Amino acid sequence: MPTLLARASGRAIPFMLALGLAAGGASAQNAYPSRAISLVVPFAAGGPTDVVARSLGAAMSKTLGQSIVVENRTGAGGTLASAHVARAAPDGYTLLIHHNGMATAPALYRKLPFNPLTDFAYAGQVADVPMTLLGRKDLPPGDMASFIKYARDNGNKINLANAGLGAVSQLCGMLLQESLGAQFTTVPYAGTAPALTALLGGQVDVLCDQTTQTIPHIKSGRVKLYGVTTLARIHALPDTPTLQEGGLQGFEVKVWHGVYAPKGTPPEAIEKINGALRAALKDPAFTQKMAELGAEIVPDARQTPAGLQSWLQAEVDKWGPIIRKAGVYAD
Ligand code: ASP
């Protein structure tokens, strides 16, 4: 009897094992997500990327049935966070939200420890956010025309804050200096939250940053607003001229956001993440919050994994030559 059982199970085990594994694998995927998901934010808590991430995470968790925990990993203009996610386990439990910095990093960083175009799985894009050019409350110029004159006359006496090399505020500042033909003194921070605190405290003179963070301070009069960085005026600040209207021909910077996972993340998990992302972009609580902050939900075609991937490729191709021509690099 024992021999028979042993022989029977000896033959049965490989088959049962294979069946069991297949069933376990399928149910593991069906069960995704079975625990909390980490959403890595490359900039400081309380900043624009963080605000979009927290609102998005709350909306996506309604569909996914698990909490999405925001993890701020700051440093090196967002590249530390991206490298962390590129190397994380590809199981759908570590995601990254990033902006234009994902596309500018290959040109800005000589030793980039990841490749934005090959080391990730793409979940989709979220929202576009305009930027605003701000001065500290007591900076002398009162409007864009006098700011342009003041900037050209005072050059490197002006301290320009940004959220690090690779932040969009850095990109905006770089374009601003180029369009003005002026050279400011740049002061980098770990995100917009500390950069804005420095502007509010009068430690720096100028900051170009997202409306998601700047609108409340503009409305309360704690900063001077010179212009918006989009080609057209924005709904949230209808009376504010664009930098182009103010005289900086063709000036345009808009922040776009994408959600990424490590390369190799199961397609079933990506599909669920994308489904939750698209549901979030229709969630009234999320859309209302974005509208209040001046952000615009991206069109349907950009909400898909393919939409993010092709957009990223186009942005890498667009910014590479501009950055290389400007000669701005980090090691
Ligand atoms: N607004 C920042 C940037 O310029 C990043 C942030 O703090 O969210 O890229």
Side-chain angles (χ1 to χ4, degrees), residues 39-57 70-82 84-85 95-109 116 125-134 159-177 184 186-200 204 206-218 223 225 228-230 234 236 243 251-260 289-290 293-296 312 315 319 322-323 328 330:
L39 179 59
V40 178
V41 172
F43 297 99
T49 314
D50 185 72
V51 164
V52 173
R54 283 173 201 270
S55 315
L56 180 71
V70 167
E71 193 190 329
N72 300 88
R73 279 188 178 252
T74 66
T79 58
L80 296 185
S82 305
H84 168 77
V85 174
L95 306 178
L96 170 75
I97 183 164
H98 204 342
H99 58 31
N100 315 41
M102 195 65 150
T104 53
L108 284 170
Y109 285 80
Q125 291 185 63
V126 184
D128 290 336
V129 187
M131 300 184 99
T132 43
L133 177 63
L134 307 176
N159 289 320
L160 169 75
N162 68 36
L165 189 62
V168 198
S169 48
Q170 179 261 331
L171 196 64
C172 183
M174 191 177 85
L175 285 185
L176 181 66
Q177 293 173 83
F184 300 151
T186 298
V187 189
Y189 291 86
T192 297
L196 196 53
T197 304
L199 187 76
L200 293 168
V204 292
V206 177
L207 171 68
C208 176
D209 223 304
Q210 278 107 304
T211 51
T212 34
Q213 233 54 32
T214 60
I215 283 181
H217 300 294
I218 292 166
V223 289
L225 169 64
V228 294
T229 64
T230 40
I234 62 170
L243 294 196
F251 195 103
E252 186 187 21
V253 186
K254 215 198 265 179
V255 184
W256 55 270
H257 298 85
V259 175
Y260 304 81
K289 171 101 180 155
M290 290 301 106
L293 297 173
E296 231 175 75
L312 178 69
E315 286 279 290
W319 286 106
I322 298 173
I323 292 166
V328 191

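Just so you know, ligand 1 is whichever comes first in the structure, and atom 1 is the first atom listed for that ligand. The structure presented is a predicted model; accordingly, all values stated were derived computationally and were not measured.
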Using side-chain contact (heavy atoms from CB on, under 4.5 Å), reason through Y260 and V40 one step at a time and then give a plain yes or no. CA-CA 10 Å; Y260 304 81; V40 178; over 6 Å; no

Side chains of residues 159-169: which donor-acceptor pairs under 3.5 Å do they make with residues two or more places apart or in other chains?
| residue | atom | partner | partner atom | Å |
| --- | --- | --- | --- | --- |
| N162 | OD1 | G164 | N | 2.8 |
| S169 | OG | A163 | N | 2.9 |

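Within the model, atoms CZ of R73 and CG of L96 stand 11.0 Å from one another, a figure rounded to the nearest 0.5 Å. Atom-to-atom distance recorded for I234:CD1 and T132:OG1 is 7.5 Å, nearest 0.5 angstrom.
Under the 3.5 Å distance criterion, the side-chain polar atoms of T229 are matched with a main-chain donor or acceptor of V253.
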For ligand 1, run through the N/O pairs with the protein that fall under 3.5 Å and put one pair on each line.
| residue | atom | partner | partner atom | Å |
| --- | --- | --- | --- | --- |
| ligand 1 | 1 (N) | T192 | OG1 | 2.5 |
| ligand 1 | 1 (N) | D209 | OD1 | 2.7 |
| ligand 1 | 1 (N) | Q210 | OE1 | 2.6 |
| ligand 1 | 4 (O) | V168 | N | 3.2 |
| ligand 1 | 4 (O) | S169 | N | 2.7 |
| ligand 1 | 4 (O) | S169 | OG | 2.8 |
| ligand 1 | 7 (O) | T192 | N | 2.7 |
| ligand 1 | 7 (O) | T192 | OG1 | 3.2 |
| ligand 1 | 8 (O) | T49 | N | 2.9 |
| ligand 1 | 8 (O) | T49 | OG1 | 2.6 |
| ligand 1 | 9 (O) | H99 | NE2 | 2.6 |
| ligand 1 | 9 (O) | V168 | N | 2.8 |

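Using a 4.0 Å cut-off between charged nitrogen and carboxylate oxygen, K254 and E252 do not count as a salt-bridge pair.
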